[in-house]
Amino acid sequence: MFLQKLVPNQYVDSIHHIDIDQLKRNNVRAVITDLDNTLVEWDRPEATPEVVNWLKRLHDAGIQVTVVSNNGLSRVERFCKPLNIGFICAARKPTNRAFLQAVRQMNVTIAETVVIGDQLFTDVLGGNRLGFHTILVVPVAQTDGFWTRFNRQMERVALIWMERKGMVSWRRKT
């Protein structure tokens, strides 16, 4: 069923609530993460000190990171290059191509990789379609670009329906 592909394996308030030690114990070797409203606000060009620290903690745990974003090259490169992390831009999520490219670039398997993002219809759907462990985070900012605002409206409808059907046990913050 389509809606089951929208249900994340985990739901946390932010990337900072992801237990990196637990990832390591679960043999996670790589993270594919969205950029806008997952790591930083959609209009913030560079990483905050907290995000830099989180990425360092992943690195120290031996977990690779690749940012997979639907944004263009200039936005994603400006964020990722100073941090020396891999990236794929113009990803066209939820299609498979960028997710599969990321695991190939990091030389890991889907089973060794988690997908982290703030949107059901791009990050979670894309990750779940391929069998990744998916983690949905609360968006960092309360504002979005035009297309994301439309997606958020659709997400609210899907989440309410899933909650009523008992598919999710948490209530998403709006």
Side-chain angles (χ1 to χ4, degrees), residues 1-20 22-40 42 54-55 58 61 63-71 76 85-140 144-145 147-174:
M1 169 180 214
F2 173 74
L3 283 178
Q4 289 175 325
K5 295 289 186 193
L6 295 175
V7 178
N9 299 108
Q10 285 180 257
Y11 178 68
V12 296
D13 285 339
S14 78
I15 58 168
H16 307 291
H17 290 92
I18 297 169
D19 187 338
I20 294 173
Q22 185 64 47
L23 293 179
K24 192 76 174 150
R25 284 190 298 273
N26 290 341
N27 299 314
V28 170
R29 295 181 49 222
V31 165
I32 294 172
T33 184
D34 180 46
L35 173 54
D36 289 342
N37 280 345
T38 298
L39 297 179
V40 295
W42 65 275
W54 183 76
L55 292 167
L58 286 169
I63 299 173
Q64 300 176 74
V65 176
T66 295
V67 168
V68 173
S69 174
N70 285 343
N71 272 300
V76 182
I85 56 174
F87 63 90
I88 298 168
C89 57
R92 300 182 63 198
K93 294 180 290 183
T95 63
N96 295 348
R97 178 191 58 83
F99 292 102
L100 295 173
Q101 182 181 347
V103 292
R104 278 193 307 271
Q105 285 178 354
M106 293 186 283
N107 195 29
V108 293
T109 66
I110 289 171
E112 297 171 317
T113 308
V114 298
V115 172
I116 303 169
D118 69 304
Q119 290 190 63
L120 292 178
F121 290 107
T122 56
D123 310 305
V124 173
L125 177 60
N128 283 347
R129 287 176 60 221
L130 289 167
F132 287 97
H133 181 90
T134 54
I135 303 173
L136 181 67
V137 298
V138 175
V140 173
D144 289 301
W147 290 111
T148 305
R149 283 195 304 266
F150 174 75
N151 278 350
R152 297 270 187 235
Q153 291 174 344
M154 299 302 294
E155 282 182 354
R156 282 186 197 93
V157 170
L159 284 165
I160 290 167
W161 190 88
M162 288 187 285
E163 189 171 37
R164 286 184 182 153
K165 293 289 186 181
M167 297 171 75
V168 296
S169 59
W170 37 259
R171 173 162 282 295
R172 183 146 189 223
K173 297 173 183 154
T174 54

Discussion item. A side-chain contact here means heavy atoms from C-beta on lying under 4.5 Å apart; do Ile15 and Leu39 qualify?
Written reply: yes

Fill in: Validation row: Ile88, Gln105 side chains within 4.5 angstrom (heavy atoms)
yes

Worksheet item: Can you find a pair of side-chain heavy atoms, one from Leu58 and one from Ile20, that are under 4.5 Å apart?
Response: yes

Fill in: Arg29 side chain vs Val108 backbone, donor-acceptor pair below 3.5 Å
no

Worksheet item: Are any non-hydrogen side-chain atoms of Met106 and Ile32 less than 4.5 angstrom apart?
Response: yes

Worksheet item: Looking only at atom types and distance, does a side-chain atom of Asp123 sit under 3.5 Å from a main-chain N or O of Val115, one as donor and one as acceptor?
Response: no

Item to complete: Go through the steps for Asn128 and Leu6 under the test side-chain contact (heavy atoms from CB on, under 4.5 Å), then give the verdict.
Response: CA-CA 7 Å; Asn128 283 347; Leu6 295 175; over 6 Å; no

Worksheet item: Any side-chain heavy atom of Leu100 within less than 4.5 Å of one from Ile110?
Response: yes

Fill in: Value rounded to 0.5 Å, distance of CG in Asn27 from CD1 in Ile63
10.0 Å

Discussion item. Please evaluate residues Trp42 and Val140 with respect to the criterion side-chain contact (heavy atoms from CB on, under 4.5 Å), reporting the C-alpha separation (whole Å), side-chain torsions for both, the decisive distance (0.1 Å), and the verdict.
Written reply: CA-CA 8 Å; Trp42 65 275; Val140 173; over 6 Å; no

Worksheet item: Which of parallel (below 30°), tilted (30 to 60°) and perpendicular (above 60°) describes His16 and Trp54?
Response: perpendicular

Discussion item. Tell me if the CZ atom of Arg92 is crowded by more than 12 foreign heavy atoms within 6.0 Å.
Written reply: no

Worksheet, complete the sentence: Interatomic distance, CD@Gln64 vs CD@Glu112, rounded to 0.5 Å, equals 9.5 Å

Discussion item. Measuring from atom OG1 of Thr134 to atom CZ of Arg129, what distance do you get when rounded to the nearest 0.5 angstrom?
Written reply: 13.5 Å

Discussion item. I want to check something: taking the side chain as every heavy atom from C-beta on, are Phe87 and Leu35 in contact at a cut-off of under 4.5 Å?
Written reply: no

Worksheet entry | Minimum heavy-atom distance Val68-Ala102, with the two atoms named | CG2-CB, 4.1 Å

Item to complete: Locate the shortest heavy-atom distance separating Phe99 from Gly127; write the atom from each residue and the value.
Response: CZ-N, 3.9 Å

Worksheet item: How many angstroms lie between CD1 in Ile135 and CG in Leu23, if you round to the nearest 0.5 Å?
Response: 5.5 Å

Discussion item. Check whether Ser69 reaches the backbone of Cys89 with its side chain - one donor and one acceptor, N or O, closer than 3.5 Å.
Written reply: no

Item to complete: Compare all side-chain heavy atoms of Asp19 with those of Arg25 and state whether any distance is below 4.5 angstrom.
Response: yes

Discussion item. Taking salt bridge (Lys or Arg N to Asp or Glu O under 4.0 Å) as the criterion, tell me which of Asp34, Asp118, Asp36 meets it with Lys93.
Written reply: Asp34

